[in-house]
Amino acid sequence: MSLSIAHLGPPGTYAEQAAVLYVNWLNKTTGIAATLCPYPSIAQSLQAVATRETELAVVPVENSIEGSVTMTMDALWQLDSLRIQLALVMPIVHTLISCAPSLDHIQKVYSHPQALAQCQNWLGKILPTVQIIPNNSTTEALQLLQQDVTAAAIASSRAAQLYNLPILAQGINDYPENCTRFWVVSQNQPTSEYQINTLNPTHSSLAFSVPANIPGALIKPLQVFAELGINLSRIESRPTKRSLGEYVFFIDLETDITKPKMQSAIADLMGYIEILKIFGSYGVLSVNVVEA
């Protein structure tokens with residue numbers, strides 16, 4: 001028996017690469033094997049865990065250049081009973097893949113919106129007149145390239161190898177220190193017999209909504225953490241999708257949710273918010289693409 005892990009597909013995406021690195025680490029540290037299951041979107045990857053089609057999902061949550069992956073945040077808020085088991089930090093190096101004889105022949109470039117945004121300066125300088133076409137993933141358009149020599153796609157060098165396609169340019173992301181943080185997500189009450197998390201928890205993530213149109217509605221919850229000396233490593237807002245001007249706030253904290261200080265903070269927090277969702281505590285694992 002092996003764990004089943006959902007990720008954004010088709011094969012060759014950065015999410016799959018992160019999942020492969022996680023599987024390798026998991027096998028080395030625990031002996032557990034796993035099967036990868038590609039899904040057409042990040043939301044469907046998380047939905048697979050929520051409906052127990054798979055036991056885990058590996059999903060991107062934040063990029064060092066373009067910030068949070070909003071689809072992941074929205075899906076986590078909408079789906080109940082999901083828990084973060086681990087964070088993976090992986091370097092991202094984009095390549096331009098095409099069957100065109102040279103850059104001069106390229107008329108359109110496909111990729112995921114995050115990848116396109118991470119390479120926007122390079123594209124503006126080197127390919128200023130091309131048509132930019134967003135896709136559901138970095139690998140979705142790769143199967144089109146052999147039929148259209150005027151097309152290119154931004155993906156990883158691993159994807160080029162998997163699809164046996166030529167690389168025209170490497171390292172095209174605008175900032176060399178480009179990395180993405182992924183979350184390994186499970187059910188809140190996993191049915192698996194395996195112990196899938198072997199790192200001590202150092203971070204926690206939660207989200208809450210506050211009453212609308214009340215002065216100081218956000219500052220009061222934040223003061224709870226400040227007064228207890230709990231450091232926030234990220235705070236981000238997303239619309240509730242109920243009404244314009246209403247938001248959900250996502251927070252990452254540098255502590256374990258089970259610590260007495262955090263338990264006190266949660267108790268105090270309840271006096272200022274509407275809805276609280278705790279996504280769990282987890283350790284952070286830095287992985288290297290050469291490990292794949």
Side-chain angles (χ1 to χ4, degrees), residues 1-63 69 71-72 75-76 79 82-95 97 111-112 114-115 135-143 153-165 179-187 190-199 282-292:
M1 182 180 177
S2 66
L3 289 170
S4 54
I5 302 178
H7 64 82
L8 175 65
T13 62
Y14 292 102
E16 187 208 37
Q17 190 167 31
V20 168
L21 292 169
Y22 172 67
V23 169
N24 291 346
W25 173 82
L26 190 67
N27 188 258
K28 288 177 184 176
T29 56
T30 66
I32 296 172
T35 302
L36 299 185
C37 306
Y39 282 82
S41 71
I42 293 170
Q44 286 172 279
S45 300
L46 290 169
Q47 183 72 41
V49 180
T51 57
R52 299 191 185 276
E53 289 178 28
T54 67
E55 290 166 292
L56 298 174
V58 174
V59 293
V61 64
E62 184 181 21
N63 176 261
V69 180
M71 187 179 291
T72 296
L76 270 178
L79 296 170
L82 296 182
R83 182 175 69 186
I84 302 165
Q85 292 285 345
L86 187 72
L88 298 167
V89 179
M90 186 179 81
I92 303 293
V93 180
H94 292 304
T95 63
I97 303 169
S111 197
H112 187 275
Q114 276 268 341
N135 278 155
N136 288 327
S137 73
T138 54
T139 56
E140 186 177 65
L142 293 183
Q143 58 187 346
I154 295 174
S156 67
S157 57
R158 176 174 177 270
Q161 293 171 356
L162 286 175
Y163 290 83
N164 194 27
L165 292 167
C179 61
T180 294
R181 181 162 56 108
F182 296 82
W183 278 338
V184 179
V185 178
S186 75
Q187 273 276 353
T191 57
S192 173
E193 64 192 61
Y194 299 120
Q195 176 62 35
I196 55 179
N197 182 10
T198 59
L199 288 183
Y282 50 89
V284 180
L285 178 67
S286 294
V287 292
N288 202 318
V289 291
V290 297
E291 298 169 22

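Interatomic distance, Leu285 CG to Met90 CE, rounded to the nearest 0.5 Å: 12.0 Å. Rounding to the nearest 0.5 Å gives a distance of 11.0 Å between CD of Glu16 and CD1 of Ile5. Note: Thr13 OG1 to Arg158 CZ = 8.0 Å, rounded to the nearest 0.5 Å. The CD atom of Gln44 sits 13.5 Å away from the SG atom of Cys37 when rounded to the nearest 0.5 Å. Rounded to the nearest 0.5 Å, atoms OG1 (Thr138) and CD (Gln17) are 9.5 Å apart. Separation of atoms CZ (Arg52) and OG (Ser4) is listed at 11.5 Å; rounding is to 0.5 Å.
Residue pairs meeting the salt bridge (charged side-chain N to carboxylate O under 4.0 Å, His left out) criterion with at least one partner in residues 33-49, sequence neighbours excluded, do not occur; the list is empty.
Formation of a donor-acceptor pair under 3.5 Å by the Gln187 side chain with backbone atoms of Ala50 is found in this model. Judged purely by atom type and a 3.5 angstrom limit, Gln85 has no side-chain atom pairing as donor or acceptor with the backbone of Tyr282.
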Yes or no on side chain to side chain contact (heavy atoms under 4.5 Å, CB included) for Ile92 and Tyr14, after CA distance, side-chain angles and deciding distance?
CA-CA 8 Å; Ile92 303 293; Tyr14 292 102; 3.6 Å; yes
Going through the checks in order, is the side chain to side chain contact (heavy atoms under 4.5 Å, CB included) test met by Leu8 and Met71?
CA-CA 12 Å; Leu8 175 65; Met71 187 179 291; over 6 Å; no
Please test Leu21 against Leu88 for side chain to side chain contact (heavy atoms under 4.5 Å, CB included), starting from the C-alpha separation and ending with a verdict.
CA-CA 9 Å; Leu21 292 169; Leu88 298 167; 5.8 Å; no
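Here His112 pairs with nothing under the ring-ring contact (aromatic ring centres under 6.0 Å, His included) rule; sequence neighbours left out. In this view, Ser156 satisfies the side chain to side chain donor-acceptor pair (under 3.5 Å) rule with no residue, not counting sequence neighbours. Applying the side-chain contact (heavy atoms from CB on, under 4.5 Å) test to Asn136 and every residue at least two apart in sequence or in another chain returns Glu140. Evaluation of the side chain to side chain donor-acceptor pair (under 3.5 Å) rule for Ser157 yields no partner, not counting sequence neighbours. With sequence neighbours excluded, the residues satisfying side-chain contact (heavy atoms from CB on, under 4.5 Å) with Ala48 are Ala6, Tyr39, Glu53, Thr54. Take Glu62 and apply the salt bridge (charged side-chain N to carboxylate O under 4.0 Å, His left out) test, not counting sequence neighbours, and it matches Arg181. Take Pro10 and apply the side-chain contact (heavy atoms from CB on, under 4.5 Å) test, not counting sequence neighbours, and it matches Ser137, Thr139, Tyr163. In this structure Phe182 satisfies the ring-ring contact (aromatic ring centres under 6.0 Å, His included) test with no other residue, sequence neighbours excluded.
A 4.5 Å side-chain heavy-atom check between Leu3 and Leu56 finds at least one atom pair inside the cut-off. At least one side-chain heavy atom of Leu76 sits under 4.5 Å from a side-chain heavy atom of Trp183. Taking 4.5 Å as the limit, some side-chain heavy atom of Leu86 sits within range of a side-chain heavy atom of Tyr22. Using a 4.5 Å heavy-atom threshold, the side chains of Val69 and Val61 count as separate.
Listed here is the closest heavy atom pair of Ala160 and Ile97: CB-CD1, 3.7 Å. Residue Thr180 comes nearest to Pro60 through the heavy atom pair CG2-CB, 4.0 Å, listed as atom of the first residue, atom of the second, then distance. Between Val58 and Ala18, the shortest heavy-atom contact is CG1-CB, 4.0 Å. Annotation for Ser45 and Ala57: closest pair O-CB, 3.6 Å, computed over non-hydrogen atoms. Residue Gln47 comes nearest to Leu79 through the heavy atom pair OE1-CD2, 3.1 Å, listed as atom of the first residue, atom of the second, then distance. The two residues Cys179 and Val89 have their closest heavy-atom pair at SG-CG1, 4.2 Å.
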